[in-house]
Number of protein chains: 2
Amino acid sequence: MGTVTQESAKPPRAPAVTRRAVLDAATRLIEQQGVAGLSMRKLAAELGVAVTSIYWHVGNREALLDELVQEMVHGLDTLPASGTTPTARVLSLALELRRVLRAHPHLIGLVNERGLTPAMFLPSQRALVAEISAAGLRGTRAAETVRALQYHVIGFILVERHTDRSPEQHPSAEELWLAEPSADGDLAEALATPVDADRLFARSTEALVRSLLADQ
Amino acid sequence: MGTVTQESAKPPRAPAVTRRAVLDAATRLIEQQGVAGLSMRKLAAELGVAVTSIYWHVGNREALLDELVQEMVHGLDTLPASGTTPTARVLSLALELRRVLRAHPHLIGLVNERGLTPAMFLPSQRALVAEISAAGLRGTRAAETVRALQYHVIGFILVERHTDRSPEQHPSAEELWLAEPSADGDLAEALATPVDADRLFARSTEALVRSLLADQ
DNA sequence: TCCCGGGTGTAACAGTGTTACAGAAGGCTG
DNA sequence: CAGCCTTCTGTAACACTGTTACACCCGGGA
């Protein structure tokens with residue numbers, strides 16, 4: 001009934017491929033070509049094995065992806081917060097969350113498709129709750145603040161992920177803004193510059209945190 | 001070389017299907033079953049026609065999606081801003097942008113994949129630029145503000161789109177927070193409540209706008 | 001020796017996007 | 001009228017996808 005561990009003490013014939021090897025090869029394929037580039041036959045060919053062996057070890061394409069997602073979710077169990085002021089600590093949490101998620105850009109969509117988003121973000125949510133409580137917010141107000149921050153961070157990462165994957169923006173923002181007649185030349189020029197995502201994220205998140213943590 | 005309009009004055013044989021009909025049927029299919037549910041054969045069957053006719057009229061699956069995306073992009077040419085204070089006007093723009101984008105949840109991902117995000121958001125970006133200039137921001141600072149707001153709004157909508165499509169969150173946020181021992185009972189209870197996206201968006205966007213438009 | 005079960009392979013199913021090719025049907029020119 | 005040309009449709013195939021029914025091999029236990 002449970003999963004079969006080939007690493008235990010009774011491999012009768014030294015299997016040509018292990019569950020672990022399948023998962024690793026799948027990860028490699030996904031990182032190279034995206035989730036759509038993962039096909040069971042490619043996977044089998046990569047491992048020098050027939051397709052059915054893949055199915056024997058992981059059951060399914062869906063089950064395979066489930067497993068990878070589970071591993072990722074377990075991978076971000078504890079997020080550290082650094083800094084002294086509440087604003088700084090919340091900001092550091094957000095930066096850390098983005099850093100971790102950006103390491104697995106392909107899987108973030110899969111997590112949602114599997115309905116694991118709450119489970120995935122529970123640790124970070126817990127950490128956020130702690131910091132925001134420490135900042136003095138309580139009850140509904142605190143909950144709204146936590147959620148606002150989570151939506152902001154996850155949303156930013158989703159936008160990033162999308163723009164990363166579209167290699168050439170055909171009428172690029174640069175062309176569009178250079179052709180634009182404008183009163184504020186510096187502004188147009190700035191908008192014609194590629195986005196510095198790190199900086200933009202840090203700035204906008206800090207602005208949001210400041211505003212959310214301030215009494216209004 | 002250009003596109004052929006069947007509506008012009010020379011239809012020799014009253015075609016069994018028009019380009020327009022294909023686009024409409026595709027839109028219907030996508031709205032019902034998502035982009036992945038759009039197959040050329042389904043489309044042909046829906047219209048009572050062989051697959052090749054579809055290809056003749058729209059060329060390609062990719063070209064078909066391109067066309068739908070183009071239509072959507074043209075659909076949000078002008079966004080109205082209402083209100084008196086800069087903050088209120090920017091906020092109203094954000095709310096309007098979200099409202100329009102939520103009407104086409106399936107296409108928003110396609111727009112990015114096609115690298116049309118800059119073109120798509122140029123109108124809203126222009127409107128934002130006008131409001132933010134009116135608020136007194138200039139140059140690089142203004143550009144960063146515009147981008148921060150766009151990332152926030154688009155990101156929020158992407159998160160919404162994801163959570164909308166995952167029907168059952170298996171360990172739901174509710175269960176998780178009800179099982180959580182917590183010092184702030186009200187907070188845990190609030191986090192166990194489903195998200196009110198409208199309210200959350202309005203609140204968080206307003207917080208962000210306030211902070212971005214304030215001198216720091 | 002026989003059997004059982006873990007692990008693998010062959011070959012097929014239905015479904016996908018796409019296309020080479022054969023037509024049908026009307027308008028135009030000879 | 002014949003012939004051709006453009007527009008539009010259909011048949012059938014290609015390569016690819018996920019998935020599975022089935023046969024097979026081979027080592028260990030009885």
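Order of the sequence lines fixes the chain letters, A, B, ..., with proteins taken first and strands second; residue numbering starts at 1 for each chain.
Mapping Gly59(B) and Ala50(A) onto DNA chain C by nearest heavy atom places Ala50(A) closer to the 5' end of the strand.
Evaluation of the salt bridge (charged side-chain N to carboxylate O under 4.0 Å, His left out) rule for Glu144(B) yields Arg199(A), Arg203(A) as partners, not counting sequence neighbours. Residues satisfying the salt bridge (charged side-chain N to carboxylate O under 4.0 Å, His left out) criterion with Asp196(B), sequence neighbours excluded, are absent altogether. For Arg89(A), the salt bridge (charged side-chain N to carboxylate O under 4.0 Å, His left out) partners two or more places apart in sequence, or in a different chain, are Glu131(A).
A salt bridge does not link Glu160(B) with Arg99(B): every distance from a Lys NZ or Arg NE/NH1/NH2 to an Asp or Glu carboxylate oxygen is 4.0 Å or more.
Within residues 34-45 of chain A, the residues that place at least one heavy atom under 4.0 Å from DNA chain D are, in residue-number order, Leu38(A), Ser39(A), Met40(A), Arg41(A), Lys42(A).
From Leu93(B), atom CG reaches atom CD of Gln150(B) across 10.5 Å, with rounding to the nearest 0.5 Å.
Residues Ser204(B) and His152(B) share a closest heavy-atom pair of OG-NE2, 3.4 Å. The two atoms that bring Val73(A) and Met120(A) nearest to each other are CG1-CA, 3.9 Å, heavy atoms only. The shortest non-hydrogen separation linking Ala202(B) to Leu91(B) is O-CD1, 4.1 Å.
Thr52(B) contributes a side-chain N or O that forms a donor-acceptor pair with the base of dG10(D) under 3.5 Å.
In this structure, Arg61(A) atom CZ and dT17(D) atom C1' are separated by 9 Å, rounded to whole Å. With rounding to whole Å, Leu47(B) atom CG is found 15 Å from dC8(D) atom P. Distance, Leu29(B) CG to dT16(C) P: 11 Å, rounded to whole Å.
With distances taken from any side-chain atom of Trp56(A) to the nucleotides dG9(C), dG6(C), dT9(D), the minimum falls on dG6(C). You'll find that the side chain of His57(B) is closest to dT9(D), out of dT9(D), dT19(D), dG10(D). Of all nucleotides listed (dT8(C), dG17(C), dT19(D)), dT19(D) comes nearest to the side chain of Tyr55(A).
Within the helix from dT1(C)-dA30(D) to dG30(C)-dC1(D), the inter-axis angle between the opening and closing five-pair segments is 40°, rounded to 10°.
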Donor-acceptor contacts, no H, no angles, side chain residues 36-52 of chain B, under 3.5 Å, sequence neighbours left out:
unit_1	atom_1	unit_2	atom_2	d
Ser39(B)	OG	Arg41(B)	N	3.4
Ser39(B)	OG	Lys42(B)	N	3.0
Lys42(B)	NZ	Gln33(B)	OE1	3.0
Lys42(B)	NZ	Gly37(B)	O	3.0
Glu46(B)	OE2	Arg28(B)	NH1	2.9

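Under 4.0 angstrom from either OP1 or OP2 of dT19(D) there lies at least one side-chain N or O belonging to Asn60(A).
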